[in-house]
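Shown next, in structure tokens, is the structure this report addresses.
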Protein chains: 2
Amino acid sequence: MRSDGRLTQIKDVVLRWSYPQAMSSDHNPGLSTTSEQFDRFASAILPCGISDRAFARFRSLARFDGAATGKAPLAKTGEDQIVFVASGATKLVAHATHGREQIVAFHFAGDLVSVPARAAHAYTLVALQPCALVTFPAAAFMLAARAEAGLLNEVLQRALRALDRSREKSIILGRKSAQERVASFLTIMAERIGAPQDGGCVLDLPMSRRDIADSLGLTIETVSRQFGELRDLGLLDTSGRSIVKLHDLAGLDARAGHLPVAA
Amino acid sequence: MRSDGRLTQIKDVVLRWSYPQAMSSDHNPGLSTTSEQFDRFASAILPCGISDRAFARFRSLARFDGAATGKAPLAKTGEDQIVFVASGATKLVAHATHGREQIVAFHFAGDLVSVPARAAHAYTLVALQPCALVTFPAAAFMLAARAEAGLLNEVLQRALRALDRSREKSIILGRKSAQERVASFLTIMAERIGAPQDGGCVLDLPMSRRDIADSLGLTIETVSRQFGELRDLGLLDTSGRSIVKLHDLAGLDARAGHLPVAA
DNA sequence: CGTAAGGTTGATCAACGTCAAGCGCCGTGG
DNA sequence: CCACGGCGCTTGACGTTGATCAACCTTACG
């Protein structure tokens, strides 16, 4: 953690920036200064041995954004962007015709997201919670990264992990029933943001049923019904809109239609 | 193109290797020597200024495989692999329960593929045509690449392109009708392997209807019916099992349900 | 405590999967 | 060169899953 600051304290005066309402969430407290945001980025992504020069370069490339729930935090710069989620949670939404939306991925604090500007479909990054984001223009980021093999390697590993997750999503969307999709979603979320609790696992989902539906290629009604069925099976309980208690991870995994390695 | 060889000619004697039946395909002629395969990999992936030492390192890590149509060319080493498709075409297949299969991606000559060994689902790389493949253990490849920023950058760019394609597939699988899926598939294939012909485009698809179905999350019957409907609409004609003539790329794109950039 | 957005539940419908039969392409052998 | 046979593709009839439409209920927040 490079919290001693370097040139961060200089820029703080200029860049200090308060969030619309990101500050008051007790769940994902916002970061009060841009240097805290950038330090979090640096300690997660930049290699320890990075040169002062490169460190300063990334500092100057960074744009700091915050966003309230439901808002699209990114300015449309017309070019690809790399986004670090310093705190909060986001969804990457793709738009098809007739207002149909497909959520391509969810991201949580510490994640790095590649947001393409031009593709066959338009993409929007949207906040699920109050968020603190550090944004870079992708081209300049890559250029600055060329000198730092450790950094390139870190970004590559993360890109490959994102690719794996996207492939898993393809299987879910292409070949699974509604129940298998919901079960898969829950096991994946359990792994990413689950809190273990007496043999099971508790989730506080930051996304709505609509988000879940748009992520799984289903409708909210179908998602709701499947939650109901899984509850009837004794695999989970829900409380309020966002709390899900998973009683039997193994049972859920069995319903997810996975086929663990080896044909 | 580094065809002068360096140490390739030395190893040829040891590694020269003939393909089961990959040699006689007039469509995608195999490469007769491992040095031809490796040179193709080197010129596509390795940066020009790479050191002799690093070049030799990759040469020694490479495994050379060929495979007849329908065969799985990769030995199950139990670790992640990086595969370069020197010639031919492959599919990356994921397996779910009940023998359900989802094709996660197609690859053609010049493509680099990341094949994970352990994930929630099992993956198999399968040849669509006689293939020449250059395979590396992923961990060792990454280690060797750390010293070469240009190479890391190239691999990263390709990984990001693969991620974009996978995300596009998520949209197709999650939110599109059967007809939109088939139309999307055809426009994507037109871009990747299409041969322009009087205003339209001719495809010689290396994959079967079953492959197309397994890629789009449909059944072969549905794929067949949609080909029929698109033919009735005057958008395409088929001839034999693999030739598809696309008359109207724009019309096809309109049926694909894309929403070009900007919400 | 009231209200609006989000979530649940039920009834109906359509798209696509399933099952089944027939056709045509293409490699093989005469 | 043509006849044969098998596999892959096409086409049709029917069933099932999940979307759609609609009403009601709950939760969280002012």
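Because the structure is a prediction, the values reported are computed rather than measured. Letters go in sequence order (proteins before strands), and every chain restarts at 1.
- Put simply, the side chain of A:R225 and the base of C:dG7 share no donor and acceptor less than 3.5 Å apart.
- Going from atom CG of B:L218 over to atom C1' of D:dT17 covers 15 Å, rounded to whole Å.
- Judged by distance alone, with hydrogens and angles left aside, the side-chain atoms of A:D211 form a donor-acceptor pair with the main-chain N or O of A:S208 at under 3.5 Å.
- Along DNA chain D, the nucleotide closest to B:S224 and the one closest to A:Q226 are compared, and the more 5′ of them pairs with B:S224.
- Taken residue by residue, residues 234-244 of chain B places heavy atoms nearer than 4.0 Å to DNA chain C at B:G240, B:R241.
- At whole-Å resolution of the value, CZ in B:R210 and P in C:dG17 are 12 Å apart.
- We find that CD1 of B:I220 is positioned 14 Å from C1' of C:dC16, with the value rounded to whole Å.
- Comparing D:dC9, C:dG7, D:dA19 by their nearest atom to the side chain of A:R209 picks out C:dG7.
- Remark: the backbone N or O of A:L235 is not paired with any side-chain donor or acceptor of A:R255 at under 3.5 angstrom.
- The base of D:dT17 lies outside donor-acceptor range of the side chain of A:R181, with no N or O pair under 3.5 Å.
- A donor and an acceptor atom, one from each side chain of B:R209 and B:S224, are nowhere located under 3.5 Å apart.
- Across the protein-nucleic acid pair, B:F227 atom CZ and C:dC16 atom P stand 16 Å apart, rounded to whole Å.
- At whole-Å resolution of the value, CG in B:L216 and C1' in C:dG17 are 15 Å apart.
- Taking only side-chain nitrogens and oxygens, B:T219 never comes nearer than 4.0 Å to OP1 or OP2 of C:dC16.
- Taking 3.5 Å as the limit, the base of C:dT8 and the side chain of A:R231 contain no donor-acceptor pair of atoms between them.
- A:E229 has its CD atom 11 Å from the P atom of D:dT17, to the nearest Å.
- Side-chain atoms of A:R181 come within 3.5 Å of backbone N or O of A:K176 as a donor-acceptor pair.
- Under the 4.5 Å side-chain criterion, counting only non-hydrogen atoms from C-beta, A:L92 is in contact with B:R167.
- With rounding to the nearest 0.5 angstrom, the CZ atom of A:R175 is 9.0 Å from the CD atom of B:E101.
- For C:dC19, the base has a donor-acceptor partner in the side chain of B:E221 [N/O atoms by modelled type, under 3.5 angstrom].
- Taking 4.0 angstrom as the limit, B:S208 places none of its side-chain polar atoms (N or O) nearer than this to OP1 or OP2 of D:dG8.
- The phosphate of D:dA19 (OP1 or OP2) has a side-chain N or O of A:T222 nearer than 4.0 angstrom.
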| Do A:L246 and A:M189 pass the side chain to side chain contact (heavy atoms under 4.5 Å, CB included) test, and can you show the C-alpha distance, the side-chain angles, and the key distance before you say yes or no? | CA-CA 11 Å; A:L246 308 179; A:M189 282 303 139; over 6 Å; no
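- Following rounding to the nearest Å, A:K176 (NZ) and D:dT16 (C1') show an atom-to-atom distance of 21 Å.
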